[in-house]
Amino acid sequence: ITTLINHKDNTKKSDKTLQAIQRVGQAVNLAVGRFVKVGEAIANENWDLKEEINIACIEAKQAGETIAALTDITNLNHLESDGQITIFTDKTGVIKAARLLLSSVTKVLLLADRVVIKQIITSRNKVLATMERLEKVNSFQEFVQIFSQFGNEMVEFAHLSGDRQNDLKDEKKKAKMAAARAVLEKCTMMLLTASKTCLRHPNCESAHKNKEGVFDRMKVALDKVIEIVTDCKPNGETDISSVSIFTGIKEFKMNIEALRENLYFQSKENLSVTLEVILERTEDFTDSAYTSHEHRERILELSTQARMELQQLISVWIQAQSKKTKSIAEELELSILKISHSLNELKKELHSTATQLAADLLKYHADHVVLKALKLTGVEGNLEALAEYACKLSEQKEQLVETCRLLRHISGTEPMEITCIHAEETFQVTGQQIISAAETLTLHPSSKIAKENLDVFCEAWESQISDMSTLLREISDVFEGRRGEKYGYLSLPKPMKNNANLKSLKPDKPDSEEQAKIVKLGLKLGLLTSDADCEIEKWEDQENEIVQYGRNMSSMAYSLYLFTRGEGPLKTSQDLIHQLEVFAAEGLKLTSSVQAFSKQLKDDDKLMLLLEINKLIPLCHQLQTVTKTSLQNKVFLKVDKCITKTRSMMALLVQLLSLCYKLLKKLQMENNGWVSVTNKDSMDGKI
């Protein structure tokens, strides 16, 4: 749509330009057609929204058809001489149709979003209802039946909430959703063993306490998912979590730096109050029993210095409002730089304090001595030793909880703040549950299920310790400005060979000219995928191997097109290279299938088809070579070459699909009983 609206109204229109515009119009119409099909399918499954969705789908379809008609230049000269409106005679028609299309598509998306939210809420309600039954169950047999149903419902809820998490644009909400889903995932196994322990030891108070803790945590996590999905808190509550020190410092610095542009936009009192709130929060560090004397003294010293420099800044600020001289302006600038420097030093000291404490704590508890002792104490039935080690675990828990609180202050990003809060809550809850599980085992030392239950909670603790270690590394990466791309894309093939070559590919930013070239190449590639999809839709047998390989190649090429726009599943140049390797391999598989098909053709047809295949095979090999060649960090050059090769392969794919379809129809007419030789069973018999 953007391409059509931005197209220049040149008086000279080459055939190439005309064909390109027509293909863009057809591609828009084809995409709208697919979108409408999905919308209609959703409408048929949701009667309460069916009428609204169908109206929006009809509008979208009409707009798509209008765009296709306005860009249809098959008989351009004839149409214009008859006074027929086209994109060249009246671009406003395309703009109106585009507006209608975007409006109707947005309506469908919003209605579909309501459907998704409804599905997640319904799924949550089913899980809650089954949990209530599990809480009241009294027999083992009944528990097994209900838990089986609960497991299926949890899988459904996990899929729905996972899809929603991937769709979220707000990183803070995404982190909250990830935390809630992590709780549900880990608690499902805990619920199984805790419930079984209760059934085995129905009169054991600690077993019931352990089980209730799991159910309560799962209910809170389920509510949290719904809160994120519906974007509203129960009973109109607001988020009361305090701002972290690093976030407070960032906002404060923005306010003082704004004085360079405007001396009157805020009051001196506001700045003083803001700084006092930040320095008050540093008391979490200075009041901590785990902060070293040296760190505490340095934090207090830097806090005092920041207060003094703010007073100096306010004094100069008052003078600057009455005297607009160059010397006062320079003095104001110096005061801003001084307090900024002091706050940066404070940040460094706080970061050093928290990370050093966390690293020491993780190292000290790496061997999980207390957990091992609790397990041994339980098996021995030693209640006196249980009290001793439960006390030690409680101390360890308090240390970890406080450390997580300090890490949150210096985390640097909102998603990592959420992760710190999640870690703090996990240690707090899991610590208590380990003690109750250990008490149950100590009271019933020969109970296998009680031992299994304690193992499950200990594993959750160890897992959270491991997660905290990863979190600590990420916090340091952000602070030191070396945060890289940490997340793998599961849909992509994993690199097996040429790792050294791939490691050399570092993200680089192409200049505007290079970027424009990539976008242009990508657009042509996107159009070719539409052409390929049109050819594929002609085939009656959608299971035909030629069709399957063609569809796979078109889908991958579309991902490459999205990559050129900064969208889609491919996020880095490495992702792109991995995808291209698979694309080239898929191309070679296609040529094998087409060769097998050619054996059923007469000599002339066979020769014609083999000529086309022989054009595609070398391109596949060339693309494989380019992906494996190191270009000494010239990522743009490599991406450019790869997309150019891919575009050539897609152009040949379109021709091959069209030719194979025509030859298949011809063969079917000659042999009425023809069966696709690309079906594996018959291929084995023919070759």
Side-chain angles (χ1 to χ4, degrees), residues 170-172 238-288 291 294-355 405-418 420 475-476 478-483:
D170 186 320
E171 291 298 325
K172 190 175 178 181
T238 54
D239 192 349
I240 54 169
S241 59
S242 61
V243 176
S244 71
I245 295 173
F246 272 29
T247 303
I249 289 175
K250 183 181 175 184
E251 290 172 1
F252 180 80
K253 283 170 70 178
M254 284 169 63
N255 287 338
I256 60 169
E257 284 165 7
L259 293 174
R260 293 169 175 144
E261 305 296 327
N262 188 340
L263 293 169
Y264 303 95
F265 88 104
Q266 62 182 322
S267 69
K268 289 88 182 166
E269 293 76 16
N270 278 351
L271 270 187
S272 297
V273 168
T274 305
L275 182 64
E276 281 309 313
V277 169
I278 292 166
L279 298 181
E280 189 180 314
R281 289 192 185 124
T282 63
E283 290 172 9
D284 286 349
F285 289 77
T286 54
D287 291 351
S288 172
T291 301
E294 292 78 11
H295 281 305
R296 185 179 290 108
E297 288 298 311
R298 181 68 177 144
I299 291 167
L300 290 170
E301 181 189 324
L302 288 166
S303 298
T304 304
Q305 191 176 326
R307 284 192 184 96
M308 288 169 56
E309 279 167 0
L310 178 61
Q311 290 310 311
Q312 176 63 25
L313 172 66
I314 289 172
S315 173
V316 176
W317 180 9
I318 292 167
Q319 291 179 53
Q321 285 178 329
S322 56
K323 299 179 190 174
K324 304 216 179 326
T325 64
K326 186 179 178 183
S327 61
I328 288 290
E330 286 173 353
E331 202 173 335
L332 179 67
E333 178 65 22
L334 184 61
S335 296
I336 291 170
L337 291 174
K338 273 186 177 180
I339 192 167
S340 293
H341 176 71
S342 288
L343 290 172
N344 286 339
E345 288 300 306
L346 179 61
K347 277 178 67 176
K348 284 179 188 175
E349 192 61 33
L350 295 173
H351 179 269
S352 174
T353 304
T355 53
R405 205 168 292 145
L406 299 185
L407 286 175
R408 178 182 166 244
H409 276 306
I410 59 116
S411 57
T413 69
E414 283 192 325
M416 282 200 288
E417 278 188 43
I418 302 299
C420 291
I475 287 172
S476 293
V478 169
F479 184 76
E480 291 165 23
R482 60 168 190 264
R483 188 178 188 185

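Reckoned from all heavy atoms, side chains included, excluding hydrogens, waters and symmetry mates. The first residue of the sequence shown is numbered 1, and numbering continues consecutively from there.
Between I475 and C420 the shortest heavy-atom distance is CD1-SG, 4.1 Å. Of all non-hydrogen atoms in S272 and I314, the two that sit nearest each other are OG-CD1, 3.5 Å. Scanning all heavy atoms of the two residues, the minimum distance from V316 to S335 falls at CG2-OG, 3.7 Å. Across all their heavy atoms, I299 and E349 have their closest contact at CG1-CG, 3.8 Å. Closest non-hydrogen pair, I339 versus A306, comes out as CD1-O, 3.8 Å. What you find for V478 and G412 is that their closest heavy atoms are CG1-CA, 4.5 Å.
With sequence neighbours left out, E301 forms a salt bridge (Lys or Arg N to Asp or Glu O under 4.0 Å) with R298. Scanning for ring pair (Phe, Tyr, Trp, His ring centres under 6.0 Å) contacts around H295 gives an empty result, with sequence neighbours left out. Partners of E276 under the salt bridge (Lys or Arg N to Asp or Glu O under 4.0 Å) rule, at least two apart in sequence or in another chain, are R307. Under the rule for a salt bridge (Lys or Arg N to Asp or Glu O under 4.0 Å), E171 has no partner lying at least two apart in sequence or in another chain. In this view, E330 satisfies the salt bridge (Lys or Arg N to Asp or Glu O under 4.0 Å) rule with no residue, not counting sequence neighbours.
Legend: side-chain hydrogen bond (donor to acceptor under 3.5 Å, both in side chains) pairs involving residues 246-256, not counting sequence neighbours, sorted by first then second residue: S244-T247, T247-E417, K253-N344.
Rounded to the nearest 0.5 Å, atoms OG1 (T353) and NE2 (H409) are 12.0 Å apart. Taking CG from L310 and OG from S342, the interatomic distance works out to 10.5 Å, rounded to the nearest 0.5 Å. Annotation: the span from L346 atom CG to F246 atom CZ amounts to 8.0 Å, rounded to 0.5 Å. Remark: I256 CD1 to R260 CZ distance equals 8.0 Å, nearest 0.5 Å. Rounded to the nearest 0.5 Å, atoms CD (E280) and CD1 (I245) are 10.5 Å apart. Between the CG atom of L259 and the CG atom of L271 there is a distance of 6.5 Å, given to the nearest 0.5 Å.
Checked by atom type and distance alone, the side chain of T304 pairs as donor or acceptor with a backbone atom of L300 at under 3.5 Å. With hydrogens and angles ignored, the 3.5 Å screen pairs a side-chain donor or acceptor of T291 with a backbone N or O of F285.
Contact check for Q305 versus K338: no side-chain heavy atoms found under the 4.5 Å cut-off. Taking 4.5 Å as the limit, some side-chain heavy atom of D284 sits within range of a side-chain heavy atom of L406. For the pair L313/L332, a side-chain contact is recorded, criterion being any heavy-atom separation below 4.5 Å from C-beta on. Residues T355 and F479 are not in side-chain contact: their nearest non-hydrogen atoms beyond the backbone lie 4.5 Å or more apart.
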